[in-house]
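A note on names: the letters A, B, ... follow the listed sequences, proteins ahead of strands, and every chain is numbered from 1. Just so it is clear, the values below take in all heavy atoms, side chains as well, and ignore hydrogens, waters and symmetry mates.
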2 protein chains.
Amino acid sequence: MEKYYSKIKNSPLFCGITDEELEKMLKCFGGYVKKYEDGDMIIRQGETISKIYLILDGEVNVEKETYWGRRIIIQKLYANNNIGLALVASKNIEANINAMCVGHALILILNYEKCSTMCQNACMHHSILIRNLFKILSKENIELIEKIENISQKTIRDKLLTYLSNESQKHRTNIFEIPFNRQELADYLNIDRSAMSFELSKLKSEGLIDYKKNKFALKVEI
Amino acid sequence: MEKYYSKIKNSPLFCGITDEELEKMLKCFGGYVKKYEDGDMIIRQGETISKIYLILDGEVNVEKETYWGRRIIIQKLYANNNIGLALVASKNIEANINAMCVGHALILILNYEKCSTMCQNACMHHSILIRNLFKILSKENIELIEKIENISQKTIRDKLLTYLSNESQKHRTNIFEIPFNRQELADYLNIDRSAMSFELSKLKSEGLIDYKKNKFALKVEI
DNA sequence: TCCTCAATGTTGTAATTACAACAGAAATGT
DNA sequence: ACATTTCTGTTGTAATTACAACATTGAGGA
């Protein structure tokens, strides 16, 4: 457990909390670290979630399966992100997503009940933590709206240009790497992979973008 | 101001707070009520948001305009909902949405800075409020994921069936009213209105659904 | 080095959609 | 009651997409 302290204390979840406090809090919240492997389900659709899952290392896809069996990638999460945080506040709500591990991952698991209810020895901690949780959830909210913007574009071309332009803005540079392979990007943008590949080629040949594997360059201001 | 107290105290934002406390809090948070008319913009894309907007009465559309001029309705909000709550936690982030008033609306406006920082006389209030904010944002988050599910369906038919089936589940009945007119529903589901009308007719003639104006009935379990 | 397999790119076709144009219905104001 | 306007439904056509089938590329292992 101790070997993860440096990772844990750098997460936004424990922002504003000193090293000594951290140890007390982790005990108080029943914190432990669990390893997941490629394809492991961390959260399953239909489950009730009562823990906070903080990614210390690795990559997690938040997915949903349609009634007709197609996969939707809602978001991709990395170190310092929380998984299914919104589900923890309402005990009676079932998870509406799956969280699937991509490659190896280390997840810190905390008991939300213990985090959210006051106790004598750590009143201030709880207060800081809940503020941090609110901030983290806000960020996720804004990203979900951005995803809605991306997939709400009318054509494959517009979806790609909107997505790439948003990524470019986030990276603050015209050259950047995207976290998806082609199939994942297609699942994220809700389009057919091969049709997307075709449109990417077209955009490249028109000189609007350039790319090699996951490295993209935007040639124009959208 | 006093005449709105009953509405305010019934909102989830002030859940768990007594009448006497409420008055103190509203003063402490610099709360006031503002009236908006049809078409008024409550939040504009690009603004920095530092206030909490609680809808006391009326209807608000959270919208986004695409680069190409088409409207996307992200969500529709009513009494007891907060507008742009996620934007308030990160001071440096510009609003990525417009919030537009539909018809008349009454909005309670609070100063978030005063809500989120401690003061001597109301420490406990702040603590309750931030918990409530977390809960509210969680709910909104879950709804955004539901919207992503709706618009991620492949065909107009699947989008309609998924949306209607989700609405039916939320209302816990097969007969329910939807909050959108046809154009708004099309903007919400990201499809063409006339194509949607056509598909609705088809679903009705096939006996899968029935509807009259905004009242819908689902005839099958999806 | 060669083989294998997974990822990516390309193409043709059938299905789906957007769009425009218009018709009918319902709501609104006078 | 009538006129006007807004909302909803219908239809044909051009544009876009999904899908299947196959080609190419590239990485990793034997």
Side-chain angles (χ1 to χ4, degrees), chain A residues 38-39 59 61 66-73 76 102-103 150-164 177-206 208-216, chain B residues 37-39 59 61 66-73 76 102-104 150-164 177-206 208-216:
Chain A
D38 192 65
E59 193 178 315
N61 281 347
T66 71
Y67 180 78
W68 295 268
R70 203 167 48 89
R71 174 179 74 161
I72 307 166
I73 296 186
K76 201 177 243 298
V102 182
N150 290 333
I151 66 176
S152 294
Q153 303 304 321
K154 218 174 34 201
T155 64
I156 291 181
R157 165 180 279 248
D158 293 350
K159 286 183 186 185
L160 284 169
L161 288 175
T162 303
Y163 169 74
L164 291 172
E177 284 199 24
I178 66 169
F180 298 116
N181 66 27
R182 295 291 184 275
Q183 183 61 61
E184 286 177 325
L185 181 57
D187 287 344
Y188 176 85
L189 292 176
N190 265 296
I191 49 185
D192 179 68
R193 182 197 57 75
S194 65
M196 184 187 77
S197 263
F198 181 71
E199 192 65 43
L200 279 173
S201 304
K202 213 163 109 190
L203 286 168
K204 191 198 258 185
S205 76
E206 290 176 21
L208 289 173
I209 66 172
D210 199 10
Y211 59 87
K212 191 170 189 179
K213 296 203 62 182
N214 291 8
K215 202 163 186 174
F216 281 76
Chain B
E37 301 301 327
D38 190 65
E59 193 179 314
N61 280 347
T66 72
Y67 180 78
W68 295 269
R70 203 167 47 90
R71 173 179 76 162
I72 307 165
I73 296 186
K76 201 178 244 297
V102 182
H104 310 280
N150 290 333
I151 67 176
S152 293
Q153 303 304 320
K154 218 174 36 201
T155 64
I156 291 181
R157 164 179 281 248
D158 292 350
K159 286 183 187 184
L160 284 169
L161 288 176
T162 303
Y163 169 73
L164 291 173
E177 283 199 26
I178 66 169
F180 298 115
N181 65 27
R182 296 291 185 274
Q183 183 61 60
E184 286 177 326
L185 181 57
D187 288 344
Y188 176 85
L189 292 177
N190 265 295
I191 50 185
D192 179 68
R193 182 198 56 77
S194 65
M196 183 186 79
S197 263
F198 180 71
E199 193 64 43
L200 279 174
S201 304
K202 213 164 107 190
L203 286 168
K204 192 198 261 186
S205 76
E206 291 176 21
L208 290 172
I209 66 172
D210 198 9
Y211 59 88
K212 190 170 190 181
K213 296 203 60 182
N214 291 7
K215 202 162 184 172
F216 281 75

Should [X] and [Y] count as side-chain neighbours, where that means a heavy-atom distance under 4.5 Å?
| X | Y | value |
| --- | --- | --- |
| A:Arg157 | A:Leu160 | no |
| A:Ile156 | A:Phe198 | no |
| A:Leu203 | A:Leu161 | yes |
| A:Arg70 | A:Asn190 | yes |
| B:Thr155 | B:Glu199 | no |

Checking B:Asp187 now: which residues fulfil salt bridge (Lys or Arg N to Asp or Glu O under 4.0 Å) with it, not counting sequence neighbours?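 Counting only residues at least two positions away or on another chain, B:Asp187 forms a salt bridge (Lys or Arg N to Asp or Glu O under 4.0 Å) with B:Arg71.
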Does A:Ser201 or A:Lys154 map to a spot on DNA chain C nearer the 5' end, using the closest nucleotide for each? A:Ser201
In this structure, how many angstroms lie between the [atom2] atom of [N] and the [atom1] atom of [X], rounded?
| X | N | atom1 | atom2 | value |
| --- | --- | --- | --- | --- |
| A:Leu200 | D:dT17 | CG | C1' | 15 Å |
| A:Arg182 | C:dT10 | CZ | C1' | 14 Å |
| B:Lys212 | D:dG9 | NZ | P | 12 Å |
| B:Leu185 | D:dG9 | CG | C1' | 15 Å |
| A:Lys213 | C:dA7 | NZ | P | 10 Å |
| A:Glu184 | C:dA7 | CD | P | 9 Å |
| A:Gln183 | C:dG9 | CD | P | 12 Å |
| A:Asn214 | C:dA7 | CG | P | 12 Å |

Does atom CZ (A:Phe180) have a neighbourhood of more than 12 heavy atoms from anything else shown, all under 6.0 Å? yes
Quick one, which residues of residues 187-199 of chain A touch DNA chain C with a heavy atom under 4.0 Å? A:Arg193, A:Ser194, A:Ser197, A:Phe198
Return the angle between end axes of the helix from C:dT1-D:dA30 to C:dT30-D:dA1, with five pairs used per end and rounding to 10°.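 It works out to 50° between the end axes.
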For the residue pair B:Tyr211 and B:Phe216, categorise the inter-ring angle as parallel (less than 30°), tilted (30 to 60°) or perpendicular (more than 60°). parallel
What is the minimum heavy-atom distance between A:Lys159 and A:Leu189, and which atoms define it? NZ-O, 3.3 Å
I want to check one thing: is the phosphate of D:dA15, taken as OP1 and OP2, less than 4.0 Å away from some side-chain N or O of A:Thr155? no
